[in-house]
Enquirer: 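Before we start, here is the structure in question, set down as structure tokens.
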Amino acid sequence: MAFHYSRLRRVRTAAVSVLGAGVGSVLLLAGPASAHVRVFSEGASEGHPATLRFRVPAEKATVTTVRVEVTLPSGVRPVSYPDVTGWTHTSTAFDGTTHVVWTARAGHEIEPDDHQYFPVRVGPLPHRASLGFDTVQTYSDGSVVDWNQSTGGGREPEFPRPLLILDAAAKDNQSQPQSGAPGSVLPAPGVSAAAPAAAGAPRSDTSWVPWAVTGLAAVAAVVGVVTGNRRRLAWREKARTTSPGNGAAA
């Protein structure tokens, strides 16, 4: 029986370790899944006005985001800029494009592991399959990240350009699988294009949750089976040692 206990203890320890690793993986998944600048516009379609919402995360662990610049491509005409609490904005037209700059007031910077939405209302969108928005993110230490890399070649670049899909058929020309509904967003497989109801309202990218929950449930089931087997063996050993004729009652 000591052998059985020892073996079950080792199995249970391994299962708990796997469970811990699974929890760690879930936490890690939450970061990379949201660590891109994205553009959302619920129901966006060619020839119709839209509200674009740019979601900007602060990826660095020790510094804040203090400035965000988005370039609206030619054919995208800004109409208004809803207020973002604690941020000022300026816009400049240049060579058919519009450069919009948001600057944080003191105390309103985007903190590490947080994000902010920057909305822009625009006129009728041009008749194009997709629209790309080059974005420049500036941190409090002076470092700058250019989100302007094209998606292609079957791999997602390190700093992809936020891309809004207007034509569902355009998804077939992208290197990454998408839901393909008009107004969807690239890159980020499985991310919904639906925007939050209000500007600046937090929204988490949770497409990874069902898979993570399924995996953790499977690991938890293994732990449950091992624990149940240990309890059954303990009960059997107790019954054997207390049964008549085994010398325990003498």
Side-chain angles (χ1 to χ4, degrees), residues 29-42 44 50-73 76 78 81-82 84-91 97-104 108-122 125 130-152 155-166 174-176 178-179 183-196 198-208:
L29 281 171
S34 60
H36 291 312
V37 173
R38 310 182 192 281
V39 57
F40 296 89
S41 185
E42 186 172 8
T51 297
L52 309 177
R53 291 184 174 91
F54 297 91
R55 182 188 187 278
V56 180
E59 295 183 308
K60 297 190 176 183
T62 58
V63 292
T64 59
T65 295
V66 297
R67 185 178 185 272
V68 175
E69 178 179 353
V70 174
T71 298
L72 306 181
V76 178
Y81 303 92
V84 178
T85 302
W87 291 72
T88 62
H89 83 272
T90 60
S91 61
T97 64
T98 301
H99 299 265
V100 188
V101 177
W102 288 272
T103 305
H108 293 275
E109 302 88 347
I110 306 176
E111 298 292 333
D113 297 324
D114 201 356
H115 63 268
Q116 180 62 270
Y117 284 93
F118 299 91
V120 181
R121 294 192 181 102
V122 299
L125 295 172
S130 62
L131 296 170
F133 300 85
D134 289 358
T135 302
V136 179
Q137 181 178 12
T138 304
Y139 286 92
S140 56
D141 63 352
S143 59
V144 175
V145 177
D146 291 311
W147 298 89
N148 59 3
Q149 297 175 343
S150 298
T151 302
R155 295 185 63 182
E156 182 181 36
E158 185 176 4
F159 301 107
R161 172 186 296 110
L163 190 64
L164 184 71
I165 299 297
L166 300 179
Q174 302 299 326
S175 61
Q176 299 184 34
Q178 298 296 323
S179 58
S184 60
V185 58
L186 287 178
V191 175
S192 170
R203 178 188 176 94
S204 299
D205 300 324
T206 56
S207 60
W208 51 272

Enquirer: As an exercise, state the distance from OG of Ser150 to CG of Leu163, rounded to the nearest 0.5 Å.
Expert: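 Interatomic distance, Ser150 OG to Leu163 CG, rounded to 0.5 Å: 9.0 Å.
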
Enquirer: Side chain of Asp146, backbone of Asn148: donor and acceptor closer than 3.5 Å?
Expert: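 No; zero donor-acceptor contacts below 3.5 Å.
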
Enquirer: Test side chain to side chain contact (heavy atoms under 4.5 Å, CB included) on Thr90 and Thr88 and set out the steps.
Expert: CA-CA 7 Å; Thr90 60; Thr88 62; over 6 Å; no

Enquirer: Examine the side chains of Thr135 and Arg161 and answer whether a donor and an acceptor come within less than 3.5 Å of each other.
Expert: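 Arg161 and Thr135 do not have a side-chain donor-acceptor pair below 3.5 Å.
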
Enquirer: Given His36 and Trp147, is the ring-ring contact (aromatic ring centres under 6.0 Å, His included) satisfied, shown in steps?
Expert: CA-CA 8 Å; His36 291 312; Trp147 298 89; 5.8 Å; yes

Enquirer: Below 30° counts as parallel, above 60° as perpendicular, anything between as tilted: where do the rings of Phe118 and Trp87 land?
Expert: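 Ring orientation, 0 to 90° scale: perpendicular.
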
Enquirer: Please report the interatomic distance OG(Ser130) to CD1(Ile165), rounded to the nearest 0.5 Å.
Expert: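 Between atom OG of Ser130 and atom CD1 of Ile165 there are 4.5 Å.
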
Enquirer: With heavy-atom distances below 4.5 Å as the criterion, would you say the side chains of Val84 and Gln116 are in contact?
Expert: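 Counting from C-beta outward, Val84 and Gln116 do come under 4.5 Å.
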
Enquirer: Quick one about Lys60 and Thr65 (side-chain donor to acceptor, distance below 3.5 Å, no hydrogens or angles considered), yes or no?
Expert: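 The answer is no; no qualifying pair exists.
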
Enquirer: Using every non-hydrogen atom in the two residues, find where Thr51 and Ser41 come nearest and quote the distance to one decimal.
Expert: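 It is O-OG, 3.0 Å.
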
Enquirer: Check the pair Val76 / Leu131 against side chain to side chain contact (heavy atoms under 4.5 Å, CB included), numbers first and verdict last.
Expert: CA-CA 9 Å; Val76 178; Leu131 296 170; 3.9 Å; yes

Enquirer: Any side-chain heavy atom of Ser91 sitting closer than 4.5 Å to one from Val101?
Expert: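 Of all side-chain heavy-atom pairs linking Val101 with Ser91, none is under 4.5 Å.
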
Enquirer: Drop me the distance from Arg67's CZ to Gln137's CD, to the nearest 0.5 angstrom.
Expert: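 Arg67 atom CZ to Gln137 atom CD measures 11.5 Å (nearest 0.5 Å).
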
Enquirer: Tell me whether Tyr139 contacts the main-chain N or O of Val145 through its side chain, where contact means a donor paired with an acceptor under 3.5 Å.
Expert: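 Flag not set: sc Tyr139 to bb Val145 has no pair under 3.5 Å.
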
Enquirer: When rounded to the nearest 0.5 angstrom, what is the spacing between CZ in Arg55 and CZ in Arg38?
Expert: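 Going from the CZ atom of Arg55 to the CZ atom of Arg38 covers 6.5 Å.
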
Enquirer: Are side-chain heavy atoms of Val63 and Pro112 found at a separation under 4.5 Å?
Expert: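 A side-chain contact is absent here, since even the closest heavy-atom pair is not under 4.5 Å.
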
Enquirer: Determine which pairs satisfy salt bridge (charged side-chain N to carboxylate O under 4.0 Å, His left out) with at least one residue from residues 108-118, sequence neighbours left out, and list them in order.
Expert: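 Passing the test, one end in residues 108-118: no pairs.
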
Enquirer: I'd like to know whether Ile110 forms a side chain to side chain contact (heavy atoms under 4.5 Å, CB included) with Val56, so could you lay out the CA-CA distance, the side-chain angles of the two residues, the decisive distance to 0.1 Å, and finally the verdict.
Expert: CA-CA 8 Å; Ile110 306 176; Val56 180; 4.2 Å; yes

Enquirer: What is the distance from atom CZ of Phe133 to atom CD of Glu69, rounded to the nearest 0.5 Å?
Expert: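 Nearest 0.5 Å value for the CZ-CD distance: 14.5 Å.
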
Enquirer: Output the distance between atom CZ (Phe54) and atom CZ (Phe40), rounded to the nearest 0.5 Å.
Expert: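 Result: 11.5 Å between the selected atoms.
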
Enquirer: Any sub-3.5 Å donor-acceptor pair from Thr98's side-chain atoms to Leu72's backbone N or O?
Expert: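 No, Thr98 side chain to Leu72 backbone: no donor-acceptor pair under 3.5 Å.
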
Enquirer: Could you walk me through whether Val122 and Leu52 pass the side chain to side chain contact (heavy atoms under 4.5 Å, CB included) check?
Expert: CA-CA 7 Å; Val122 299; Leu52 309 177; 4.0 Å; yes

